[in-house]
Amino acid sequence: MGEIFRSITSIGVLILALCVFPGFVLSENGVTTRHYKFNIQMKNVARLCHTKSMVTVNGKFPGPPVMAREGDRLLIEVVNHVPHNISIHWHGIRQLRSGWADGPAYITQCPIQTGQSYVYNFTVVGQRGTLWWHAHISWLRSTLYGPLIILPKQGTPYPFAKPYKEVPIIFGEWFNSDPEAIISQALQTGGGPNVSDAYTINGLPGPLYNCSAKDTFKLKVKPGRTYLLRLINAALNDELFFSIANHTLKIVEADAIYVKPFETETLVITPGQTTNVLLKTKSHFPNASFFMTARPYVTGQGTFDNSTVAGILKYEIPSNIPHMKKLQLFKPSLPALNDTNFVTNFTNKLRSLATPQFPANVPKNVNKRFFFTIGLGTSPCDKKNQTCQGPNGTKFSASVNNVSFIQPNTALLQAHYFGQSNGLYSPDFPINPLHWFNYTGNPPNNTMVSNGTKLMVLPFNTSVELIMQDTSILGAESHPLHLHGFNFFVVGQGFGNFDPNKDPNNFNLVDPIERNTVGVPSGGWVAIRFLADNPGVWFMHCHLEVHTSWGLKMAWLVLDGKLPNQKLLPPPADLPKC
Ligand code: C2O
């Protein structure tokens with residue numbers, strides 16, 4: 001393990017380099033336990049010539065990588081030293097029976113209050129690849145995030161040639177002002193929140209922004225080698241295109257699932273998604289450097305940050321080449337900001353490996369079918385005679401099946417486990433929209449959402465098919481939906497309204513991509529399947545944080561099975577209280 005840690009940290013990812021090693025490692029009965037300590041603390045960080053005090057883990061921005069191997073147990077002690085409530089989510093970790101460690105505030109736990117701590121305790125079962133961790137309360141994940149890298153079991157190779165080095169590349173969004181103030185103001189006025197001031201790669205905006213040339217991520221490479229780039233989109237509100245000038249990327253994994261490899265110049269990655277790519281460097285020193293850039297894919301109608309983050313791919317200069325020469329710099333060309341065709345073509349290429357060693361266990365028989373509309377809507381102003389800054393004087397809202405989720409003031413999982421759900425949530429999330437309308441046609445006159453804390457209840461081992469249908473209310477828009485506690489298979493997608501008679505004939509049940517976050521196409525639908533084999537309360541929401549804030553979220557309650565190993569584990573003693 002040490003060797004891989006060192007190769008990851010020696011690539012100039014200095015920001016990530018400092019805190020890689022777990023506090024200590026213990027092995028017992030063949031299970032390795034890795035201990036981490038996350039001190040949540042304020043730290044002054046400067047970008048774009050603005051210094052601000054931000055919430056960090058151990059003073060690092062981005063946060064430290066958490067590393068483990070498949071099968072390891074992780075014990076991560078989070079100590080809250082800041083004047084904010086905190087919770088941390090291990091995005092993509094299945095949390096089999098350990099939902100108490102999942103992290104979304106008021107869903108699986110009460111937040112950790114100032115001065116308190118909580119030990120996240122979970123085992124990584126049957127997963128390996130790139131995931132990430134982030135704060136899961138309000139907009140604090142804008143600065144609280146980092147890689148979560150799961151290596152295969154000792155001695156198990158990747159299903160591709162061993163890369164020379166591995167490099168995490170984590171995209172983020174930088175706000176000159178405090179994101180907590182931005183969202184709280186937006187929720188009060190009802191208008192859209194201010195957009196970010198920059199995108200970042202490993203926390204660095206790069207030379208295309210004011211005052212940022214020194215804050216540029218540089219990837220130094222040798223010729224003729226293969227690098228594994230572990231891409232993570234931790235941006236708050238933006239899907240991103242990414243490309244490296246004059247280089248081809250081979251996609252080998254998505255959301256910690258191996259895929260059938262394919263080559264591309266450019267890729268698209270939604271918030272919440274991760275993508276591993278192999279970068280083969282040129283066989284000889286190319287006498288040039290190369291920009292790697294990312295900028296948004298935008299389908300919505302609101303304002304957005306249309307800037308571009310750049311990092312630099314630099315080849316080691318051979319000793320026989322004089323040093324003073326100014327190298328040529330190549331720049332990639334990215335698709336147009338609204339290039340949905342590119343996105344469709346790209347996502348259609350993603351296929352599970354579907355080999356005996358890495359099978360695609362797509363549920364073939366479906367027990368329950370659901371149809372959820374996904375989209376924006378409006379709510380009235382809180383006070384009568386007040387004018388809000390959303391559409392026609394209303395407040396922006398967002399919903400699933402027209403239910404805009406109301407965050408409860410105590411955690412749903414506890415309420416469920418201790419039989420105290422009365423008045424906190426209702427188990428009646430609608431299986432389809434209450435009113436049919438032409439979802440992707442002219443929107444209905446009434447765009448008001450309803451509100452509630454409704455859960456969809458599933459018996460253990462229910463095999464689920466879920467169609468998620470974008471609506472055109474306040475504009476069609478791509479929504480990256482993330483499901484906690486499960487991976488799902490993306491068996492189909494299309495544009496317009498889903499046709500239950502025709503579209504299922506084209507479902508791919510052989511090698512569909514398996515993942516935890518999928519883009520519901522703008523003006524279209526996506527069909528997913530999963531097996532509800534993990535008891536607990538599982539959040540599902542748009543990973544565009546502004547939409548989550550507006551209520552585009554719901555939760556599934558998966559009941560215990562009959563066997564002892566099909567039941568939710570008891571809550572840990574230090575579980576935070578509300
Ligand atoms: Cu990455 Cu519920 O989040």
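Order of listing sets the numbers, starting from 1, for every ligand and every atom in it. Here the structure is a predicted model, which means the values were calculated and not measured. Starting from 1, each residue takes its place in the sequence as its number.
By the ring pair (Phe, Tyr, Trp, His ring centres under 6.0 Å) test, Trp556 is found to be paired with Phe370, Phe372, Phe530, residues two or more places apart in sequence or in another chain being considered. In this structure, the side chain to side chain donor-acceptor pair (under 3.5 Å) partners of Arg141, at least two apart in sequence or on a different chain, are His543, Glu545. Residues meeting the ring pair (Phe, Tyr, Trp, His ring centres under 6.0 Å) test with Tyr199, sequence neighbours left out: none.
Between atom 2 (Cu) of ligand 1 and the N, O or S atoms of His484, the shortest distance is to NE2.
Around atom 1 (Cu) of ligand 1, protein N, O or S atoms at less than 2.8 Å number 3.
Thr200 and Glu173 form no side-chain donor-acceptor contact under 3.5 Å, judged by distance and modelled atom types alone.
A cation-pi contact, defined as under 6.0 Å to the ring centre and within 45° of the axis, is absent between Lys395 and Trp550.
Between Phe486 and Trp538, the two ring planes are perpendicular [angle over 60°; tilted spans 30° to 60°].
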